[in-house]
Amino acid sequence: MADNKYPVNLLDTPFPMRGDLAKREPGFLKQWQDMQLYRKLRERAKAQNRPLFILHDGPPYANGEIHLGHAVNKILKDIIVKSKSLAGFDAPYVPGWDCHGLPIEHQIEKICKGDAKAVKANPETHARIVAYRKEHGLDAKSLELPPSFIRELCRDYAARQVDIQRRDFIRLGIIGDWENPYRTMDFKTEADIVRTLGRINANGYVTRGQKPVHWCVDCGSALAEAEVEYEDKVSPAIDVAFRVADTDALSRAFGGTAIAGDAHAVIWTTTPWTLPANQAVTVHPELTYDLIDTPKGLLLLASDLAEGALKRYELEGMIVAQAKGAALEGVLLQHPFYERKVPLILGEHVTTEAGTGLVHTAPAHGLDDYIVGLKYHLPTDNPVGDDGRFISTTPLFAGKSVWEANPLVLETLQGSGALLANKKLEHSYPHCWRHKTPIIFRATAQWFIAMEKDVAGDTLRGVANRAVEATEFFPAWGRARLESMIGNRPDWCISRQRNWGVPMTFFAHKETGALHPRSDELLEQVAQRIEQEGIEAWFKLDAAELLGDDAAHYAKLKDTLDVWFDSGSTHYAVLRQRPELRWPADLYLEGSDQHRGWFQSSLLIGCATEGRAPYDQLLTHGFTVDEHGRKMSKSLGNGIEPQEIFNTLGADILRLWIASADYSGEMSLSQEILKRTTDAYRRVRNTLRFLLANLSDFDPARALPVHELLTLDRYALVELDAFQQRVTALYGRYEFHSAVQELHAYCSEELGSFYLDVIKDRLYTMGADAEGRRSAQTTLWHITQTLVRLLAPILSFTAHEAWEVLRGLDGSLEENVQLATWHAVPAVGDAAALAASFALVREVRANVQKEIEVQRADGKLGSSLQAEVALHASGDTLHALRALGDELKFVLITSRATVAEGDDQIAVTPSEAAKCERCWHYTSSVGSHADHPGLCARCHGNLFGNAEVRAHA
């Protein structure tokens, strides 16, 4: 249509076809920063008294550059915050960082030890260490650095990591209070973490005990549940015979069966190194147990497992008696290599899934063992030190690591004849998530938040279960997962034996271990000091300053808090303390691993302090994988870093991929997927460019009222309103991938394949100020405003760019699209009737297009404008078609269209009229004006003003 000698309305726009996002997005960011966009959002929301929506940021750990998982998490949060703001909420976003803990301390230790990679990455820290050693006359490789200096280095390191991550989060287009984020190492936050501990203690949930905990030898510290991951490990699976020391008791248990010779209770274990701590053997009270006569003597085995066990021992035997497990309680056994008698006891945790049905029980090395041990008052003797080695008083194995002890235990058992079987078993085993090494269970004196302690007639587990019931989950399966984890979790071990962490600011009696009776009062005094000086205030505190004479009897605890306690208490330290926020939060959003991490720690602390969860909703997203479903890793070479994407394609491409993916499962990414995402982005951008170009000569002040719009344009507003309602509802339900599908469908189908296709003729060929063209532009004005706002939460940079063009047309628009709310689409009085009528018209249109394509394929037609259509219809369809009048041929994109009553029928014939050189319509009016014989009457009038100025839609 553009290549003819007669002018048409082909306009340009400053919104370019090529986004060139990677180069141009930083400039848009600078505009946001220069205008202080986040501050203006808060001021506007406050001035309008908007309702609050609070998404509390789960703090990423301040260690290393952000990866793709960080980008997914932060962009999903940003989409929600922006969509809520556009929906009319005051949605502040305060980003945060988790700054204490072992990974940072470990990095400092590596630099101290001269690790080349760590030194190269942290030259400032290394220089400070060198200077400190020189100033204090220490050897150049000395590791004897004071804890206070180590903490100082940790704080500086964490601050640099925060700055590195903040830079990239901002580059992703995340709007937030970046100048005032929360950091768990801020003095005020550290003080509030301490206060949270005090409230939990005051409520009666903090306990001290010698309990088995996950222990990482490499960390030298207890681990939280969230710091444990399970990997396959090969272990020795052994069957061990415990000789019965009291055969008379065994005889009575089996109804007086005579016991001739030795009898043995047989256990099965995959941790031979725990046998030195054995204190009992547990059987299930309801299981049936066989006493089997074999060449090795009488063997006691669970009936359901006896056949498999005898096969492992390569023995045959005969059952001489049977008894329930309950009858065996109290029978004494001889420890297989120590001079120690151990009892048969009863426990519900015994199963018949594997082994022998008799469980080796060491309360120092297993939670089930510990619990059943409490019932039977078994000692919790732990022979393994912090370094994973047996203490010096351990017979046979002193000084050996637990892994070195395994073969020695087997050798000892073999020598005594107690080893009945030894097989290799590959099984799932707990590992440290940092060091990727196997961990152990060992009893240590630790501090816990009790799950089952009765506090005011209830337990923390009970309160937490009710809190889960009251929470809304996205996706819904998150509820069952969190319920399971709360139901099965042990007491929360909150103490750690490290330097870089918030201290447990209690004073404990030197002999009894009991906390000082004025703990609440003392803790607040300490918190006030920490608020001024940070955690160093505790470490340098002389107890006598607060305790006076009591200092002779009480000592400061040396433990620090589990970092999950730090982040889990931020709902108090942040939401309760910042005036622009509110407790509880509306939403927490994190990856699916946080059901055992931040979701759970926050829930427990909320329930222990406030009696409810600190959130109303939980949203969980999956992990990123490659196109084959494999976890992204450097070793596989299949990882894609967010920096690579925003430096080459632009952050909006990354944002569009994240929004397009179904976050409820694994999120696949590859170069091919990025290419498809870029193609999808290009279609949206081209739509925006078309809209903006055709508005470039439009004056919004002269927009037509709805009742003056042509029928098709009023229908377009009806569809626009329905489209906006669908998309905003999807935003409200956090279904972003469905919102993206709606946006794409609207651009490509509703606009590209229908409305814009139909009105091109009107936009291009009518007089610039003709009412028919102004009707179309008025509609485009509403469509563009609506579309740009709906795109803004996802394609934030592109929406900003388009909004700048719109503001060039109407300076009264908000300074930035993020300051706007959803567009108020003008109401159409006969909306329902129009929608119903056009549904019928579009069905006919689709059938006409199919018939035209058939004839084009047969060579009977060129373009659809060469076609003339004769339609027969009846009922509502006939009424809908006739209601369009002359507009019908333009809706069908044909040069002529007639409608007659009759059975449904479509007749398409090639036009015999001449083709207008300007509009390309075939019409008998071509040549009706001798001065311009190549023009139809309509084009002649549009150009020279002497005919049909307002001819059609």
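Hydrogens, waters and symmetry mates play no part in the numbers below; they use all other heavy atoms, side chains included.
With salt bridges taken as basic N to acidic carboxylate O contacts below 4.0 Å, one links Asp679 and Arg682. A salt bridge is absent between Glu179 and Arg166: the closest approach of a Lys/Arg side-chain nitrogen to an acidic carboxylate oxygen does not fall below 4.0 angstrom. Of the charged side-chain nitrogens involved, at least one lies within less than 4.0 Å of a carboxylate oxygen, so that Arg685 and Glu801 count as a salt-bridged pair.
Figure legend: Arg42 and Tyr38 shown as a cation-pi pair, the cationic atom lying under 6.0 angstrom from the six-membered ring centre and within 45 degrees of its axis. Both tests pass for Arg576 against the ring of Trp583: distance under 6.0 Å to the centre and angle within 45° of the axis. Phe838 does not carry Arg845 over the face of its six-membered ring by the limits of under 6.0 Å from the centre and within 45° of the normal.
Separation of atoms OH (Tyr588) and NZ (Lys77) is listed at 10.5 Å; rounding is to 0.5 Å. In this structure, Asp626 CG and Lys631 NZ are separated by 12.5 Å, a value rounded to the nearest 0.5 Å. Here the straight-line distance linking atom CG of Leu787 with atom SG of Cys747 works out to 4.5 Å at 0.5 Å rounding. One distance of note links CD1 of Ile170 with CD1 of Ile175; it measures 9.0 Å at 0.5 Å rounding. Between the CG atom of Leu41 and the NZ atom of Lys46 there is a distance of 15.0 Å, given to the nearest 0.5 Å.
Ser592 places no side-chain N or O within 3.5 Å of a backbone atom of Thr620 that could act as its donor or acceptor partner. The backbone N or O of Val817 sits nowhere less than 3.5 Å from a side-chain atom of Arg789 that would complete a donor-acceptor pair. For the pair Asn180 (side chain) and Asp177 (backbone), a donor-acceptor distance under 3.5 Å is absent. Panel note: side chain Ser85, backbone Val81; no donor-acceptor pair is recorded below 3.5 Å. Put simply, the side chain of Glu666 never gets that close to the backbone of Gly622: no donor and acceptor are under 3.5 Å apart.
Between Glu590 and Ser602 there is no side-chain heavy-atom pair separated by less than 4.5 Å.
The aromatic rings of Tyr663 and Phe736 lie tilted to each other, with the angle between the two planes from 30° to 60°. Using cut-offs of 30° and 60° for the angle between ring planes, the Phe169 and Trp97 rings count as tilted.
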Kindly list each side-chain donor-acceptor pair under 3.5 angstrom involving residues 715-722, sequence neighbours excluded, with atom names and distances?
{"unit_1": "Tyr715", "atom_1": "OH", "unit_2": "Arg842", "atom_2": "NH1", "d": "2.9"}
{"unit_1": "Asp721", "atom_1": "OD2", "unit_2": "Gln725", "atom_2": "NE2", "d": "2.8"}

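A centroid separation of 6.0 Å or more is found between the aromatic rings of Trp657 and Tyr681. You'll find the ring centres of His621 and Tyr734 outside the 6.0 Å limit.
The side-chain contact (heavy atoms from CB on, under 4.5 Å) search around Asn49 returns none, not counting sequence neighbours.
The side-chain hydrogen bond (donor to acceptor under 3.5 Å, both in side chains) contacts involving residues 736-745 comprise Arg726-Glu742, where partners must be two or more places apart or lie in separate chains.
Shown are Leu710, Ile783, Leu709; of these, the side chain to side chain contact (heavy atoms under 4.5 Å, CB included) with Thr778 is made only by Leu709. Screening Asp713, Thr779, Leu704 for a side chain to side chain contact (heavy atoms under 4.5 Å, CB included) involving Arg774 leaves a single residue, Leu704.
The closest side-chain donor-acceptor pair between Asp586 and Gln617, if any, does not fall under 3.5 angstrom. In this model, a donor atom of one side chain and an acceptor atom of the other lie less than 3.5 Å apart for His823 and His782.
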Take Gln777 and Asp697 through the side-chain hydrogen bond (donor to acceptor under 3.5 Å, both in side chains) test and state the conclusion after the steps. CA-CA 9 Å; Gln777 285 185 306; Asp697 66 341; 2.8 Å; yes
